[in-house]
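Only one structure is covered here, and it is reproduced in the block below.
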Amino acid sequence: ARLNGRVILANQTMNSLCLSLTGHTVTNGSEMWRELRAISAERNAGNHTEDQASAAEPEGAEIAEEITLQLPNGQRWRFRRSVLRMDGEQVAQYEATDVTELLDLQEQLRESNLRTGEMHRRQRELLQNIVQNNLDQELLSAKMHIHDEFGRLLILTKNAAQQSLKAGDMQALRASWLEAAANMENAAWTPEAARSSQIGRAHV
């Protein structure tokens, strides 16, 4: 169409789309575009995103706009208006593309990415829980071992107090107490400290 809206050529598909959306065929290009923009604005009322967008144009084009609208039958079409120079004269070119399948695939991809992200989050949580459970089990095992060792040493110490022991035996008993105390200090680490220690060793 010319810039004043006078139609130069309109094919059957564009007429059919315009009829479905506006109630009449293409009689004036500029008026048709104003109606399509008004329909888009009404349908997007309250939304932060808009269907209209500027787009990069090939050489020879000066202005471009796009509007995506859904027909009553559920199909979604992307309308495009470009101002071109032809034989030294500016004309408006209006195009329409069925993007139903493309938008459906984009939505499926978005949902798939969301599911994948959620699955990765759950896997990370599961791994953290497994590591935490292993650390807790190791800590419990160490505490049980220390408890048993202290019980054994208390009995040996009580017996030593009731009878005379050789110097070598007393030295061995003292070394056992020192070892048990060191083990108790190690077992007092928190799981977070133990995990940090393991990570530090892994990077050495």
Side-chain angles (χ1 to χ4, degrees), residues 1-132 192 195-196 199-200 202-204:
R2 301 194 184 281
L3 293 187
N4 62 9
R6 185 167 65 86
V7 177
I8 300 173
L9 177 66
N11 63 27
Q12 182 177 353
T13 300
M14 185 63 78
N15 272 319
S16 176
L17 292 171
C18 186
L19 177 63
S20 177
L21 289 166
T22 67
H24 59 80
T25 58
V26 182
T27 57
N28 183 289
S30 299
E31 182 62 28
M32 177 196 71
W33 193 252
R34 280 194 293 269
E35 289 183 89
L36 294 180
R37 293 182 67 179
I39 294 171
S40 176
E42 181 181 357
R43 293 182 179 180
N44 287 320
N47 294 339
H48 295 290
T49 58
E50 296 182 357
D51 284 335
Q52 300 180 24
S54 298
E57 271 296 293
E59 184 178 357
E62 296 184 358
I63 302 174
E65 289 182 277
E66 289 184 352
I67 299 173
T68 303
L69 293 172
Q70 182 169 312
L71 302 184
N73 63 6
Q75 285 185 330
R76 285 168 287 180
W77 286 76
R78 181 162 294 160
F79 295 86
R80 182 181 181 86
R81 178 186 185 274
S82 304
V83 176
L84 310 175
R85 288 187 178 273
M86 296 178 57
D87 300 328
E89 179 185 6
Q90 286 187 321
V91 296
Q93 175 178 276
Y94 302 92
E95 303 171 89
T97 305
D98 186 351
V99 293
T100 306
E101 184 176 359
L102 173 63
L103 295 180
D104 286 342
L105 290 175
Q106 288 178 345
E107 180 62 21
Q108 292 174 18
L109 178 61
R110 187 188 69 83
E111 293 177 355
S112 177
N113 289 339
L114 289 176
R115 289 194 299 268
T116 301
E118 178 64 17
M119 181 179 66
H120 287 167
R121 185 188 65 80
R122 292 181 179 179
Q123 287 177 340
R124 288 193 296 270
E125 289 182 354
L126 178 60
L127 180 59
Q128 291 174 355
N129 290 337
I130 291 175
V131 171
Q132 185 64 51
E192 290 76 13
R195 181 163 56 250
S196 299
I199 293 175
H203 287 80
V204 172

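For the numbers below, each heavy atom of this structure counts, side chains included, while hydrogens, waters and symmetry mates do not.
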[X], [atom1] atom: more than 12 neighbouring heavy atoms under 6.0 Å:
X	atom1	result
Met86	CE	no
Gln12	CD	no
Arg122	CZ	no
Gln123	CD	yes
Glu118	CD	yes

[atom1]-[atom2] distance between [X] and [Y], expressed to the nearest 0.5 angstrom:
X	Y	atom1	atom2	answer
Arg81	Met32	CZ	CE	9.0 Å
Tyr94	Glu65	OH	CD	9.5 Å
Ile67	Phe79	CD1	CZ	8.5 Å
Arg80	Glu66	CZ	CD	4.5 Å
Thr68	Trp77	OG1	CH2	12.0 Å
Arg115	His120	CZ	NE2	12.5 Å

Fill in: Within residues 2-24 or reaching into it, pairs that qualify as salt bridge (charged side-chain N to carboxylate O under 4.0 Å, His left out) - sequence neighbours excluded
Arg2-Glu89
Taking all non-hydrogen atoms of both residues into account, name the closest pair between [X] and [Y] and its distance.
X	Y	answer
Gln90	Arg85	NE2-NH2, 3.6 Å
Ile39	Thr22	CD1-CG2, 4.1 Å
Gly74	Thr100	O-CG2, 4.4 Å
Ala1	Gly5	CB-O, 4.0 Å
Val91	Leu3	C-CD2, 4.1 Å

Discussion item. Show, in sequence, the C-alpha distance, side-chain angles and deciding distance for Glu95 and Gln93, and conclude whether the side-chain hydrogen bond (donor to acceptor under 3.5 Å, both in side chains) test is met.
Written reply: CA-CA 7 Å; Glu95 303 171 89; Gln93 175 178 276; 3.3 Å; yes
Discussion item. Any side-chain to backbone donor/acceptor pair from Asn15 onto Val26? Under 3.5 Å, distance only.
Written reply: yes
Worksheet item: Under the 3.5 angstrom rule, does the side chain of Thr116 hit a backbone N or O of Ser112 as a donor-acceptor pair?
Response: yes
Discussion item. Using the rule given for side chain to side chain contact (heavy atoms under 4.5 Å, CB included), can you reason through Asn11 versus Met14, listing the C-alpha separation, both sets of side-chain angles and the distance that settles it, and then say yes or no?
Written reply: CA-CA 6 Å; Asn11 63 27; Met14 185 63 78; 3.4 Å; yes
Are [X] and [Y] packed together at the side-chain level, in the sense that at least one heavy-atom pair is separated by less than 4.5 angstrom?
X	Y	result
Leu103	Arg78	yes
Ser20	Leu71	yes
Leu69	Leu36	yes

Worksheet item: Are Glu31 and His24 close enough that a side-chain donor and a side-chain acceptor fall under 3.5 Å?
Response: no
Fill in: Chi angles and distances behind the salt bridge (Lys or Arg N to Asp or Glu O under 4.0 Å) call for Arg76, Asp104
CA-CA 10 Å; Arg76 285 168 287 180; Asp104 286 342; 2.2 Å; yes
